Every structure is written in structure tokens, then in C-alpha cells.
Amino acid sequence: MVIKAVKGVKDILPKDIGKWRRVEDSAREVFGRYDYREIVLPIFEKSEVFVKSVGETTDIVQKEMYSFLDKGGDALTLRPEGTASCVRAYIEHSMYHPKGTVTPLFYIGPMFRRERPQAGRFRQFHQIGAELFGTDDPAADAEVMHLLMTFLKTVGARKPKLLLNSLGDDKCRPAFRQSLVDFLANRKESLCPLCKERYETNPLRVLDCKSETCAETVRSAPTIDSFWCDDCADHFQKVRKALYGLNIEYEINHRMVRGLDYYSRTVFEVTASGLGAKDAVAAGGRYDALVKKSGGPDVPAIGWAVGMERLIESIGDSAGEKTNDTAPDICIVHLGERAHGEAFRVAGLLREQGRKVLCPYRQTSMKKQMGRADKSGAKLAVIIGEEEFNKKTMLVKNLSTSTQKEHPIGDIRKIAAEPPA
RNA sequence: GUGGGCGUAGCUCAGCUGGUAGAGCUCUGGAUUGUGGCUCCAGCGGUCGUGGGUUCAAGUCCCAUCGCUCACCCCA
């Protein structure tokens, strides 16, 4: 039995790499427009980095982390998300100096969660993430969402839709949560079995249950907006105003909640079509308390992450491989032992001159080699047979017009510089 | 962790109520001595996921197991 890749992880094959490159390239380009700087973070961290920031009671920490003890006995974890690492690095390198500095960062890389794989969900997946440290200006919230939407439109995500909410902060959220628990307490019987569980573990999640009866039950439940403190309400209104100013369409959903503990105030999510049951392609929000909680100064921050696999899935073939960027400029065709050696000498010279050249190793029939040259998409074939070798010449054939001309072998540089039409 | 669907050639798949494995694409050779795209002919390629059971006989039926996949939980 051949050894196969671990469950839930994928090889990205050469035939698919073009899409990945395009997504990464446009990410870097778009981030540049907003003056974000790339940071490359380690793939594993001390486990506490994630346990503390993501939250001990979350599913990610409780059952999805790839954690292990290394030979020195350190408890390490393959990162399940990027924000925690980014916050750690931000603090470790004192990026908050001088006081008042705003630090825009982005990263691209793999994340690891041990879940059951399904459409758009993997154990090793890739995220493109943005983090903006040092400001709680509502304009920053809107700008960060503008960045995200601009990026998604640039790469051609299908029908991206922005959903917005505010979770309040430490001052006002506890009251909301309590109120919701009270509301559900005497309605538990009308909830689905799953939500009865949620009532205990994460009551906020009952709000966006898909079950008919739960949705009905929850229709009259309290919503977060009526519990916002003045600051949070004000912040939300200013974010909306800024979004309006940037001409960004969005939909408010007060039932939207987050799976990670560190979010406060602004949270958002982008869904796209062309995906499976999970249509969220990106998600993010504000985490004003996290830097301080992680041992840094009291610095507010906001960020988001897009799932690359889901994004690429959503792009589909619409923005697919249109240009044949793998086609060589020139294919060499050779016949006979001596011509074989000469062919590689010629190929080498052409490559030194910057040409993309294909030269077959096997000595097969001319018919075969011409067929390959044709399939490769090359514009020119350079043919060197016994006859040409003896005469120190080569045939240069234009594969689209089928015209060919004999050249002295010394013309190689000329042909490399200006391939004949 | 729970449930559904599927595992047959390198790839996509067919194979009926059990009778000893097929097609297309790819690849190799030929029709066409050293000239590609189209066509035609031939060939290479399979422990039918694995193990067990029923049977004269199993790709087909039964059980187990592994893998893939979709969905639930949760998340990007």
C-alpha cells in the first residue's frame, strides 16, 4: 500500500499552483496600497500563546489543536490561527514603540486544526491575515473592511457579502449574555437538542441556529444592540458612517457571534458563493483587550483572516489559467547521438540568453518530438538532425505557420534575442 | 466524536437477477525512412481498497476493516 498524505491535508500540485500564486500576488499588491507590511511567523508556538488568547473553553483549544511535547519537554502547538502569534511577535519586538505607533501587518501561511475534513475545511489550511495594531478609530474598522473587500474583488471572489455586528465590550456584554440566558431558561424545551447543549456551553450560539423551531424561539430574544454601552453604540455608528463613506455595502446581523474569545466590539464576516455548507470565506473583528491580556501594553487592534482554500474554491475557474505561462519559447528536436549533445549545447545557450527552452532527453522519432513540441505550446522548434549537425546548421521552424528556414548554428544568439516570426 | 455516499487501469468511469474484467483519455508502436495538430489500426497497463464468510463459481451477496467524500458539531 502506498503511503498517502495525512487525513485532511493536501498537496498543491503544479497544475494548481498558478491560482495560488495569483491570490498571493494580489494579496501582497493590495496590502501594499494600504501600507501593510508582511510578517512571517513561526508555524508553532508555545501552547500557552493560543490557550490564553483563543480561549480555554473554545473548541479550537479543547479538541482541535496539534499539541506536543518536544524533546526538551516544552509544550508546543502547531498554530490553529494567526492572530495570537502576531500579537506575541508584536509585543516581543516592542512594535508599539514609540507610543501611539500604528502597526499594520499581514501574513500568509498554513494553519492547523484537527477537525473532520469536509468541503472547504482541512486540517492544514492556509490563511491570509491582516492585523492593525494601535488604533481604535472607527475609521480603522471601516478601512480594514475596505481592504478586505478590495482584495476579494481583486482576486474575483464570487458575490462577496459583508456581514457586520458589534459584540460590545467587557462593560456591556456580560449583561447581554445574562439576559439571553434568562430568556432561554424557561424556553429550553422548545430548543433543538443541539441548542440545549449550546445553552450550557455557549448560549450566544443559539442565536444563529438554523433549526426552524430555534429560530422561531429566538425571534423575540434580546439582541446585543440593546445592551451596548454608550461607547460601543457610538463606535458602531461611526463605523457604519465610515463604511457608508467608503461606499461599502454590508448587512447588519445582530445574531452573528464568534468562535474565538478575544473579540470585542466590531465583528464581521464575508460569505461568498460557490462553496459548500460553509460559505464564510473570511472573518475578523476588533480585539482591543488582547494585547494587554497577553502581557503587552494597552493597545487596541483589529484584524481579519481569509481562508485561501475557500477563496480559491469561490473563484472557481472564472479567473482560471487563461494564459499559458508554462509554454516554452522554443522546443529543440534532435536526431542521432551527436545531434543529441549539440541540442543540449544549443539549449544551454538559449537559456543563458533568457529563453525558455524544452529539450527532450530521450532519442525518439522526429514525429514524436514534433508532436511534443506542438503540445508544449512553443512557438518555435529548433531541429538538429545528423544532416544539420554535419553542416553546422539548424532548422528553425515556426510551429504556428509551419514555415521553416535553415540557419547556421552560429545564429543562436540572434534567434534568442529576436525569435523570427 | 456522529451520520450518509463512494472505493474497478495513471485519470474519468461502465460492469444487469453471481458465470472468471471493459470503454474513453493518457502512454508506446504502426499506417507516414527526418517534420506537429485530424483520422485509422495495434499494443502496454488491473492483488476489482484490504481481510474474512456464503457459493461449484464473488467486482457483484454478507460481515469486518481501512481510505476518500459530503453533512452535523465547530470554524477560514
Side-chain angles (χ1 to χ4, degrees), chain A residues 1-8 10 13 15 54 57-65 79-83 108-129 148 152 157 192-195 197-198 201-202 205 208-211 257-260 268-272 275-285 303-314 331 333-336 339 362-389 395-404:
Chain A
M1 203 42 123
V2 292
I3 298 177
K4 305 208 294 193
V6 170
K7 184 199 279 284
K10 287 247 179 307
L13 299 173
K15 70 181 174 64
V54 174
T57 61
T58 59
D59 275 22
I60 291 179
V61 168
Q62 287 197 332
K63 44 190 194 192
E64 296 175 359
M65 294 207 307
R79 61 179 184 190
E81 59 106 42
T83 300
I108 300 175
M111 306 293 163
F112 307 84
R113 290 182 203 172
R114 198 182 183 289
E115 302 175 274
R116 280 287 285 271
Q118 69 183 66
R121 194 174 68 187
F122 309 93
R123 290 186 171 182
Q124 174 174 339
F125 59 102
H126 297 75
Q127 286 189 339
I128 297 176
L148 174 57
L152 293 176
C192 68
L194 229 58
C195 280
E197 239 175 89
R198 284 174 176 143
T201 57
N202 189 353
R205 278 214 68 90
D208 62 358
C209 181
K210 293 160 203 95
S211 135
V257 286
R258 283 283 83 129
L260 286 66
F268 52 93
E269 199 169 295
V270 180
T271 60
L275 302 170
K278 285 296 156 202
D279 59 356
V281 73
W304 50 254
V306 334
M308 282 188 73
E309 284 83 356
R310 288 185 188 177
L311 176 57
I312 286 168
E313 188 65 30
S314 160
C331 254
V333 170
H334 56 75
L335 293 164
R362 289 177 64 189
Q363 298 186 37
T364 56
S365 70
M366 184 161 190
K367 179 184 167 62
K368 189 93 247 168
Q369 292 184 60
M370 287 302 292
R372 292 228 182 276
D374 183 51
K375 272 187 195 138
S376 76
K379 288 162 203 68
L380 293 181
V382 168
I383 304 164
I384 305 173
E386 287 290 349
E387 217 177 287
E388 289 77 21
F389 179 83
L395 297 172
V396 177
K397 177 162 188 171
N398 182 315
L399 290 169
S400 43
T401 62
S402 289
T403 54
Q404 69 178 34

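Quantities reported herein were computed from a predicted structural model and do not represent experimental measurements. To find a chain, count down the sequence lines: A is the first, B the second, and so on, and within it residues start at 1.
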- Task: Sticking with atom P, work out how far rU2(B) lies from rA14(B), rounded to a whole angstrom.
- Result: 30 Å

- Task: Grab the CD-P distance between Glu386(A) and rG34(B) for me, whole Å please.
- Result: 13 Å

- Quickly work out the Arg123(A) CZ to rG67(B) P distance and round it to whole Å. 10 Å

- Query: Hey, does Gly129(A) reach any base, or is it just sugar-phosphate, or nothing, if we go heavy atoms under 4.0 Å?
  - Reply: nothing

- Message: If I pick the C1' atom on rG59(B) and the same atom on rA21(B), what distance separates them, to the nearest angstrom?
- Response: 8 Å

- Query: Which whole number of Å gives the distance between the C1' atom of rC56(B) and that of rG18(B)?
  - Reply: 12 Å

- Message: Rounded to whole Å, how long is the line connecting atom CE of Met370(A) with atom C1' of rU35(B)?
- Response: 5 Å

- Rounded distance in Å between the C1' positions of rG49(B) and rU55(B): 23 Å

- Item | Polar pair under 3.5 Å, donor/acceptor by atom type, side chain Arg116(A), base rG3(B) | yes

- Item | Any Lys367(A) side-chain nitrogen or oxygen under 4.0 Å from OP1 or OP2 of rU32(B) | no

- Item | Under-4.0 Å side-chain N/O to phosphate OP1/OP2 contact, Arg372(A) with rU28(B) | yes

- Item | Lys368(A) side-chain N/O to rU28(B) phosphate OP1/OP2 under 4.0 Å | yes

- Task: Examine the base of rG1(B) for any acceptor or donor lying under 3.5 Å from a partner atom in the side chain of Glu115(A), and report the outcome as yes or no.
- Result: no

- Message: If I take atom CZ in residue Arg114(A) and atom C1' in nucleotide rC73(B), what distance separates them, rounded to the nearest angstrom?
- Response: 15 Å

- Task: Write down the distance separating the C1' atoms in rG51(B) and rC44(B), rounded off to the nearest Å.
- Result: 31 Å

- Query: What's the NZ-P distance between Lys63(A) and rU2(B), to the nearest Å?
  - Reply: 12 Å

- Message: Using a heavy-atom cut-off of 4.0 Å across all strands, would you classify Gln404(A) as base, sugar-phosphate, or nothing?
- Response: base

- Message: Rounded to whole Å, how long is the line connecting atom CZ of Arg362(A) with atom C1' of rU28(B)?
- Response: 8 Å

- Below 4.0 angstrom from OP1 or OP2 of rU69(B), is there any side-chain N or O of Lys10(A)? yes

- Task: Could you give the distance separating rC61(B) and rG22(B) at their C1' atoms, to the nearest angstrom?
- Result: 22 Å

- Do the side-chain N and O atoms of His126(A) and Glu309(A) include a donor-acceptor pair separated by under 3.5 angstrom? yes

- Query: Just checking Glu81(A): base, sugar-phosphate only, or nothing, at a heavy-atom cut-off of under 4.0 Å?
  - Reply: nothing

- Message: Can you check the distance between rG29(B) and rU65(B), where both ends of the measurement are the P atom (answer in whole Å)?
- Response: 48 Å

- Task: Could you tell me whether Gln62(A) contacts a base, only the sugar-phosphate backbone, or nothing, with contacts defined as non-hydrogen atoms closer than 4.0 Å?
- Result: nothing

- Ile384(A) CD1 - rG34(B) C1' separation (whole Å): 14 Å

- Determine yes or no for a side-chain-to-main-chain donor-acceptor pair under 3.5 angstrom, with Arg121(A) supplying the side chain and Arg116(A) the backbone. yes

- Message: Strictly below 4.0 Å: does Gln118(A) bring a side-chain N or O up to OP1 or OP2 of rA71(B)?
- Response: yes

- How would you label the contact of Leu395(A) with the nucleic acid (heavy atoms, under 4.0 Å): base, sugar-phosphate, or nothing? base

- Item | C1'-based separation of rA64(B) from rC27(B) [nearest Å] | 39 Å

